[in-house]
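Below is one structure, written out as structure tokens; comments come after it.
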Amino acid sequence: MLQVSQLKKLADYLWEIPASTRPGMLVPAYVYCKEEMLEHILSDRSLEQLINVASLPGIEKAAIVMPDAHEGYGFPIGGVAATRWPEGLISPGGIGYDINCGVRLLLTPLNYEDVAGKLELFSQELAATIPSGTGKGGEIKLAPEEMDEVLRMGAGWAVRNGMGNEADLAMIESNGCLINADPAAVSEQAKQRGYDQLGTIGAGNHFVEVDKVSEIFDESAARSFGIRKEQVVILIHTGSRGLGHQVATDYLRLMMNVMSEYHYKPRDRELAGVPFNSKEGQDYFNAMAAAANFAWCNREIITYEIRQAWQAVFNRSGDEIQLLYDVAHNIAKIEEHIVDGKPKKLIVHRKGATRAFGPGNEELPEKFRTTGQPVLIPGSMGTASYVLVGTNKSMETTFGSTCHGAGRTLSRTAVKKLVGGPQLKQALRDQGIFVEAGSWRGLAEEAPIAYKDIDLVVDTVHESGIALKVAKLKPLVVVKG
DNA sequence: ATGTAC
């Protein structure tokens with residue numbers, strides 16, 4: 001276990017683990033964290049895992065963790081690592097099992113006072129309209145050729161089939177479609193697990209949440225995003241369901257078997273990987289892209305379901321609900337960043353980390369060119385969530401990345417010993433929050449006491465400048481699996 | 001996160 005004394009304090013929010021700390025580290029590691037939250041990160045294996053990441057073949061500049069970091073499979077969740085294109089390592093552990101787990105924020109034209117009397121009804125309608133829960137499927141059953149179309153097209157498939165709005169597509173990271181996606185690289189088993197899972201939330205920390213905008217920090221960015229105080233907004237957090245999970249499982253197993261052929265011996269077997277430009281590396285990257293497209297299509301169809309529930313409850317057009325933005329926080333992307341003063345093409349792994357591109361970036365839609373991209377950070381259930389904006393500081397220091405959420409401090413088993421589902425639902429109801437939960441156990445596992453303080457996490461990235469606060473959201477309704 | 005099991 002690493003000691004505080006092994007961390008070099010660079011600022012109130014930033015620590016360095018020098019490359020000399022362990023043999024084999026190719027680059028230093030950086031920890032974005034306030035001193036008062038350091039105990040969480042030091043209490044599990046996340047920094048040992050970060051040190052392992054700092055020794056991945058081809059890693060550039062640094063291995064980085066965000067303030068919401070905790071231990072994950074191989075890589076810490078809340079981690080960012082960029083390897084040299086095209087021969088650097090690609091490692092499924094650096095993306096995670098839930099490929100393109102991500103967040104999207106919908107903007108409604110109504111304010112809190114307009115919906116206050118109908119919130120309970122809306123929560124029930126949302127729960128009835130959006131399937132949720134482990135292994136749960138929905139109404140849409142994809143034929144094999146339709147599945148391949150979804151994997152190739154991403155969110156555009158939903159639009160083409162009448163379950164999404166054309167205007168949404170520009171407001172999705174990568175337009176909701178990674179063009180290298182290859183359905184042939186995705187196993188039949190993965191496709192089978194996903195064939196009826198479009199339009200479903202899943203379980204764990206996934207949710208649909210109705211919020212009101214409780215505070216504005218940056219008036220000008222908020223106005224440009226179309227966000228105002230008291231406004232009702234809707235947050236979606238989910239990913240690629242069983243399909244993405246199976247893709248990760250398949251390729252981790254494959255890479256464990258072949259990595260020695262590429263003379264790669266990881267410090268931890270969970271860090272299995274292969275050179276990006278190897279056959280297996282390309283197959284994984286193209287399968288990962290297909291799973292990412294499935295997740296974007298999933299969030300687009302959930303948006304369609306929300307628009308229907310809105311129409312049913314408020315007797316207003318669902319099309320008045322606008323998509324602000326949709327961000328991935330478990331993904332690998334090929335991006336150009338400046339390293340040692342020179343532009344370099346990199347394989348950027350983000351695992352529990354959000355892209356936070358700043359003003360002027362060509363990948364952003366016109367609407368966000370002058371502000372930087374919206375960054376959506378959900379807090380733990382019943383606490384707050386945030387809208388931030390990407391910065392050029394993040395481009396310079398964190399490969400254009402920031403945190404992704406509050407970050408767990410207690411395991412699922414540990415928290416269940418401290419709190420029960422019914423008790424938690426009542427406690428949230430007492431705070432004016434309507435909760436619709438698919439299972440008491442699942443609800444208890446997501447209790448806010450199992451998470452870090454979202455305000456501290458967001459303040460850390462704000463002070464460090466790797467994303468700046470725009471608005472704070474307060475939950476009104478939570479729908480969970 | 002997850003057909004909470006290879």
Side-chain angles (χ1 to χ4, degrees), chain A residues 44 46 49 68-79 91-103 131-138 141-142 147 186-198 200-208 236-257 269-270 272 287-288 291-292 294-296 298-299 302 327-332 349-354 378 380-381 404-416 421 437-447 450-451 480-481:
Chain A
D44 66 16
S46 51
Q49 292 183 325
D68 51 337
H70 57 104
E71 185 179 324
Y73 183 91
F75 277 61
I77 293 163
S91 174
I95 288 109
Y97 275 93
D98 189 5
I99 294 167
N100 191 5
C101 187
V103 187
S132 68
T134 316
K136 195 73 192 282
K141 323 274 186 201
L142 297 171
M147 171 59 88
V186 177
S187 70
E188 284 309 314
Q189 196 184 358
K191 291 172 184 173
Q192 204 151 15
R193 281 179 71 174
Y195 93 101
D196 67 345
Q197 292 186 325
L198 278 184
T200 69
I201 308 178
N205 61 4
H206 290 166
F207 61 75
V208 167
I236 303 167
H237 177 205
T238 188
S240 51
R241 310 286 282 98
L243 182 136
H245 191 276
Q246 191 61 45
V247 167
T249 305
D250 291 340
Y251 281 94
L252 276 164
R253 186 176 304 154
L254 173 69
M255 289 187 190
M256 280 189 185
N257 289 331
R269 274 184 68 76
E270 293 185 355
M288 182 218 73
F294 186 85
W296 273 314
N298 188 27
R299 292 197 287 273
I302 290 172
V327 295
H329 56 221
N330 281 10
I331 203 159
H349 298 69
R350 296 193 181 93
K351 182 189 197 176
T354 313
S380 57
M381 184 172 54
H404 86 307
R408 254 186 191 283
T409 56
L410 291 179
S411 72
R412 295 186 176 278
T413 34
V415 64
K416 275 181 287 190
S439 90
W440 289 124
R441 192 177 67 171
L443 186 71
E445 288 176 355
E446 292 302 317
Y451 283 86
K480 293 196 62 70

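Just so it is clear, the model here is predicted, and its values are computed rather than measured. Order of the sequence lines fixes the chain letters, A, B, ..., with proteins taken first and strands second; residue numbering starts at 1 for each chain.
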Pairwise 5' ranking along DNA chain B for A:Gly204 and A:Arg253, keeping only the more 5' one: A:Gly204
Whole-Å gap separating P (B:dT2) and OH (A:Tyr73): 17 Å
Distance, rounded to the nearest Å, where A:Lys136 contributes NZ and B:dT4 contributes P: 16 Å
Sugar-phosphate, base or nothing in reach of A:Arg441, heavy atoms under 4.0 Å: base
Between B:dT2 (P) and A:Asn298 (CG): distance, integer Å: 10 Å
Residue pair A:Ser240 / A:Asn100, side-chain donor-acceptor N/O under 3.5 Å: no
For atom CD of A:Gln246 and atom P of B:dT2, their distance in whole Å: 13 Å
Inter-residue atom distance A:Phe294.CZ - A:Arg299.CZ, 0.5 Å rounding: 12.0 Å
N/O donor-acceptor pair, side chain A:Thr134 with base B:dT2, under 3.5 angstrom: no
Distance, rounded to the nearest Å, where A:Leu243 contributes CG and B:dT2 contributes C1': 12 Å
CD1-NE2 distance between A:Ile201 and A:His206, expressed to the nearest 0.5 angstrom: 9.5 Å
Sugar-phosphate only, base, or nothing, as touched by A:Ala248 at under 4.0 Å among non-hydrogen atoms: nothing
Whole-Å gap separating C1' (B:dT2) and CD (A:Glu446): 14 Å
Atom-pair distance (CG on A:Asp250; C1' on B:dT2), nearest Å: 13 Å
Sugar-phosphate only, base, or nothing, as touched by A:Gln189 at under 4.0 Å among non-hydrogen atoms: base
Results of ring pair (Phe, Tyr, Trp, His ring centres under 6.0 Å) for A:His404 - residues two or more places apart only: A:His329
OP1 or OP2 of B:dT2 under 4.0 Å from side-chain N/O of A:Arg241: yes
Results of side chain to side chain donor-acceptor pair (under 3.5 Å) for A:Gln192 - residues two or more places apart only: none
Gap between atoms NZ and P, on A:Lys480 and B:dT2 respectively (whole Å): 10 Å
